[in-house]
Student: 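This is the structure I have questions about; it appears just below.
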Amino acid sequence: LLSVLKQDAELDLHLVDNCSRDESGKVLYELARKNITPGKRLHFLRADRNLGYAGGMTYGYLSISAPSGAICFVANDVVLRKDLYTPKGI
C-alpha cells in the first residue's frame, strides 16, 4: 500500500477488507478515515464474508460509481515502481 501512496499522481483508492481476521481492516479503515495523503482519495470497503481473491477484487470494482480512467488492481503483497503512474497518465 505504501508504494501506491507514493505514486506521483492523483488516485482514487478503494481499499477492500475482504473480511480479514487480523487488525489489517482497522488499519485500512483509519487510513481512509484520516485521508492524509495529498492527491489520493481513499475509500474503505469491508466485505461481510471472505469473497476470495477474485471476489474481493470484484467487490472493489463494483464500488466505483463512474470510472474516469485506468483501473489497476493491486494485491496486498505488490510493490509498485515509484514511477509507474505519472502526472501525465499511464
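This one's a predicted model, so the numbers in the text were calculated from it and none came from an experiment.
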Student: Mind listing the closest non-hydrogen atom pair of Lys40 and Leu13 along with its distance?
Tutor: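 Taking every non-hydrogen atom into account, CB-CD1, 4.4 Å.
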
Student: I'd like to check the side-chain contact (heavy atoms from CB on, under 4.5 Å) partners of Lys82; sequence neighbours left out, ordered by chain and number.
Tutor: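 Scan of Lys82 (side-chain contact (heavy atoms from CB on, under 4.5 Å), adjacent residues dropped) gives none.
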
Student: Same cluster for Val78 and Leu1 if Ile/Leu/Val/Met/Phe/Trp/Tyr side chains link at under 4.5 Å?
Tutor: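 Val78 clusters together with Leu1.
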
Student: Which heavy-atom pair separates Asn18 from Gly52 by the least distance, and what is that distance?
Tutor: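 Where Asn18 meets Gly52 most closely, the heavy atoms are ND2-O, 3.0 Å.
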
Student: Assigning hydrophobic clusters by single linkage (Ile, Leu, Val, Met, Phe, Trp, Tyr; side-chain heavy-atom cutoff under 4.5 Å), is Leu5 placed with Val74?
Tutor: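 Yes; tracing contacts between hydrophobic side chains, which count when under 4.5 Å, links both residues.
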
Student: In chain order, what residues pass the side chain to side chain donor-acceptor pair (under 3.5 Å) check against Arg81, with sequence neighbours excluded?
Tutor: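 For Arg81, the residues satisfying side chain to side chain donor-acceptor pair (under 3.5 Å) (neighbours in sequence not counted) are Asp83.
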
Student: List the steps and the verdict of side-chain contact (heavy atoms from CB on, under 4.5 Å) for Ile64 and Ile71.
Tutor: CA-CA 10 Å; Ile64 302 169; Ile71 296 174; 4.2 Å; yes

Student: Hey, is OH on Tyr61 packed in by over 12 heavy atoms from elsewhere, all under 6.0 Å?
Tutor: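 Incorrect, the count does not exceed 12.
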
Student: Please step through side-chain contact (heavy atoms from CB on, under 4.5 Å) for the pair Leu28 and Leu42, ending with a clear verdict.
Tutor: CA-CA 9 Å; Leu28 293 177; Leu42 307 179; over 6 Å; no

Student: Quick check for you: to the nearest 0.5 Å, what is the distance between His14 atom NE2 and Arg41 atom CZ?
Tutor: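 If I round to the nearest 0.5 Å, the distance is 9.0 Å.
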
Student: Given Leu2 and Val79, is the side-chain contact (heavy atoms from CB on, under 4.5 Å) satisfied, shown in steps?
Tutor: CA-CA 8 Å; Leu2 292 176; Val79 177; over 6 Å; no

Student: Which distance, rounded to the nearest 0.5 Å, do you find between the CG of Leu15 and the CG of Leu31?
Tutor: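 If we round to the nearest 0.5 Å, Leu15:CG and Leu31:CG are 6.5 Å apart.
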
Student: In the hydrophobic clustering (ILVMFWY, side-chain contacts below 4.5 Å, transitive), which residues join Ile36, or is it alone?
Tutor: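 ILVMFWY cluster around Ile36 holds nothing else.
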
Student: I'd like to check the side-chain contact (heavy atoms from CB on, under 4.5 Å) partners of Ser24; sequence neighbours left out, ordered by chain and number.
Tutor: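 Counting only residues at least two positions away or on another chain, Ser24 forms a side-chain contact (heavy atoms from CB on, under 4.5 Å) with Ser20, Asp22.
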
Student: Would you check, one step at a time, whether the test side-chain contact (heavy atoms from CB on, under 4.5 Å) holds for Leu84 with Gln7?
Tutor: CA-CA 7 Å; Leu84 181 63; Gln7 295 297 310; 3.6 Å; yes

Student: Just jot down the ring-ring contact (aromatic ring centres under 6.0 Å, His included) partners of Phe44, sequence neighbours excluded, or say none.
Tutor: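 Here the qualifying residues are Tyr29.
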
Student: Pairs in or reaching into residues 42-56: which pass side-chain hydrogen bond (donor to acceptor under 3.5 Å, both in side chains), with residues at least two apart or in two chains?
Tutor: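 Listed by first then second residue: Asp12-His43, Asp17-Arg46.
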
Student: With sequence neighbours excluded, what pairs up with Glu23 under the side-chain contact (heavy atoms from CB on, under 4.5 Å) test?
Tutor: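 With neighbours one apart ignored, the set is Lys26.
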
Student: Applying side-chain contact (heavy atoms from CB on, under 4.5 Å), can you list everything that pairs with Val27, at least two apart in sequence or on another chain?
Tutor: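 In terms of side-chain contact (heavy atoms from CB on, under 4.5 Å), with neighbours along the sequence ignored, Val27 is linked to no residue.
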
Student: Apply the hydrophobic cluster definition, ILVMFWY joined by side-chain contacts under 4.5 Å directly or through others, and give me every member besides Leu51.
Tutor: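 Val16, Leu45, Tyr59, all in the cluster of Leu51.
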
